[in-house]
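Position 1 is the first residue of the sequence, and the numbers go up from there.
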Amino acid sequence: MATAAVLGVFLGLLLLKAPGVEYFLTSRDHGYQLAIGGQVLLGKIPGLDVVTVYGPMAMLTSALGLRLSGSLLGETLLCVGGYALCFTLLYTLTRREWSRWAGLASAAVGYVLMARFYKWYVWLIPLATLWAIQGWLYASEDRKRRWLATTGLIVGLSWLYRLDMGTFAGVVVAAMIAFVEFRRDRRILIQSLATFLTAAACFPIAWLLYLAAVGGISAPWTFLSSSFHGALVVSRGMAAPMPPLPAIAVGYASAAVVLGVAFAAALTLSWKSEPSPRALFMLASALIGLAVVHQAMHRRDPAHLLQVIPP
């Protein structure tokens, strides 16, 4: 009930805070995503007919909102729902590790530090991954493989939203599985990795097979190469040094200190023969934080720093 209440409160707040049509007319970045979503409705395929530096699901999701509502209302509701889920996950994750009040404080801080309106999936990917990792760490032995499969599906779907984030999240989860299971039973390690990797491959393979079916055998390579090349071009073209403003410098320094201290403390606590799920979850949080921090490094400004805040 408390989780549902938190979700409802943030849905209401975000609906009241949702931007008007003038935002959509002036936001180039959000407009880029919506424009490709509109192209999808005209039969174009992201990454094949339209070059994109993001994964196809970002544009397909926007296309779904446009299709269902026939207006920008669908996109607005998708962004509102995505962020409300992010704040609810902040509450849920922190409550389990600390307390209900800490969970509420975490969700409230998340609301204050919310990134750009359309970047809900950039917040949701690390938080959903941590939710699944937390479930796996605390689960009984007979339910661990189910949680690993869930983690894999989340990571695989994340890859379709952001290829870089999905790839790095997969590396972190695989590293966590190796760290936890290697000292226990190598047979279980192999089974756990196989479960996770099999589930994680489902969505990416399905997308690549779809591309091959509609665009020919070379279409998957075209998608992968254009996405990789486009991401490099954008990261280089948008690269910018940190502005000489104390507030931004303090923000970046604070984020670096939090990640560094969390990683060092969690690694120390997890090096015991039988580490607690709490210590392992802090290690996972630090690793996920390190896996997404690249987004705030090529263009060091407040907007990009806010995108990597959740972990």
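Residues Leu48 and Ala219 share a closest heavy-atom pair of CD1-CB, 3.7 Å. For Leu153 against Ala199, the heavy-atom pair with the smallest separation is CD2-O, 3.6 Å. Nearest approach of Trp207 to Pro46, heavy atoms of both residues: CZ2-O, 3.7 Å. The shortest non-hydrogen separation linking Tyr161 to Ala58 is CD2-N, 3.6 Å. The shortest non-hydrogen separation linking Ser69 to Gly65 is OG-O, 2.7 Å. Taking each heavy atom of Pro311 and Val292 in turn, the nearest pair found is CG-CG2, 4.2 Å.
Applying the ring pair (Phe, Tyr, Trp, His ring centres under 6.0 Å) rule to Phe196 yields no partners; only residues at least two apart in sequence or on another chain are considered. Checked against side-chain hydrogen bond (donor to acceptor under 3.5 Å, both in side chains), Thr94 has the following partners two or more places apart in sequence or in another chain: Ser106. Every residue two or more places apart in sequence or in another chain that forms a salt bridge (Lys or Arg N to Asp or Glu O under 4.0 Å) with Glu141 is listed here: Arg184. Looking at residues two or more places apart in sequence or on another chain, you find a side-chain hydrogen bond (donor to acceptor under 3.5 Å, both in side chains) between Gln33 and Ser62, Tyr121. Scored by the salt bridge (Lys or Arg N to Asp or Glu O under 4.0 Å) test, Arg28 finds no partners at all (sequence neighbours excluded). The side-chain hydrogen bond (donor to acceptor under 3.5 Å, both in side chains) search around Glu22 returns none, not counting sequence neighbours. Not counting sequence neighbours, the partners of Thr167 by the side-chain hydrogen bond (donor to acceptor under 3.5 Å, both in side chains) test are Trp159. For Leu13, the side-chain contact (heavy atoms from CB on, under 4.5 Å) test picks out Val9, Phe10, Tyr111, with sequence neighbours left out.
Residues Glu181 and Gln191 bring no donor and acceptor atom of their side chains to less than 3.5 Å of each other.
To the nearest 0.5 Å, the span separating CE on Met57 from CG on Leu157 amounts to 5.5 Å. With values rounded to the nearest 0.5 angstrom, Leu89 atom CG is found 6.5 Å from Leu124 atom CG. Atoms OG1 and OH, from Thr61 and Tyr118 in turn, are 14.0 Å apart once rounded to the nearest 0.5 Å. To the nearest 0.5 angstrom, Trp98 atom CH2 is 14.5 Å from Leu93 atom CG. From Ile36, atom CD1 reaches atom CG of Asp49 across 11.5 Å, with rounding to the nearest 0.5 Å. To the nearest 0.5 Å, atom CE of residue Met114 and atom CD of residue Gln307 are 12.0 Å apart.
No side-chain donor-acceptor contact under 3.5 Å links Ser27 to the backbone of Tyr23. A donor-acceptor contact shorter than 3.5 Å is absent between the side chain of Ser270 and the backbone of Leu267. Between the side chain of Tyr83 and the backbone N or O of Ala115, at least one donor-acceptor pair lies under 3.5 Å. Not one N or O on the side chain of Trp120 forms a donor-acceptor pair closer than 3.5 Å with the backbone of Ala84.
Here the side chains of Trp136 and Val173 are not in contact, with every heavy-atom distance at 4.5 Å or above. Using a 4.5 Å heavy-atom cutoff, the side chains of Leu269 and Leu280 are not in contact. Looking only at side-chain heavy atoms (C-beta outward), Phe168 and Leu290 stay at 4.5 Å or farther from each other. Side-chain contact between Thr150 and Trp131 is present, with at least one heavy-atom pair separated by less than 4.5 Å. Between Leu11 and Leu7 there is a side-chain heavy-atom pair separated by less than 4.5 Å. Within the 4.5 Å cutoff, the side chain of Thr92 has heavy atoms near those of the Arg95 side chain. Residues Leu130 and Phe281 form a side-chain contact, since some pair of their non-hydrogen atoms from C-beta on lies under 4.5 Å apart. For the pair Met59/Val50, no side-chain contact is recorded, criterion being any heavy-atom separation below 4.5 Å from C-beta on.
Residues in residues 142-166 take part in these salt bridge (Lys or Arg N to Asp or Glu O under 4.0 Å) pairs, two or more places apart or across chains: Arg162-Asp164. Residue pairs satisfying the salt bridge (Lys or Arg N to Asp or Glu O under 4.0 Å) criterion with at least one member in residues 101-126, sequence neighbours excluded, are listed as follows: Asp29-Arg116.
A tilted orientation is assigned to the rings of His30 and Phe117, their planes being inclined by 30° to 60°.
Tracing side-chain contacts under 4.5 Å through hydrophobic residues (I, L, V, M, F, W, Y), one never reaches Ile190 starting from Val171; they form parts of separate clusters.
Remark: Ile217 CD1 is loosely packed, at most 12 non-hydrogen atoms of other residues, nucleotides or ligands lying under 6.0 Å away.
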For a quick test of your reading: what N or O donor-acceptor pairs under 3.5 Å do the side chains of residues 248-263 make, sequence neighbours left out?
residue, atom, partner, partner atom, Å
Tyr252, OH, Ala296, O, 2.7
Tyr252, OH, Asp301, N, 3.2
Tyr252, OH, Asp301, O, 3.4
Ser254, OG, Val250, O, 2.7

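Met1 belongs to no multi-residue hydrophobic cluster, having no ILVMFWY side-chain contact under 4.5 Å with any other such residue.
With ring centers used as reference points, Phe179 lies under 6.0 Å from Trp271.
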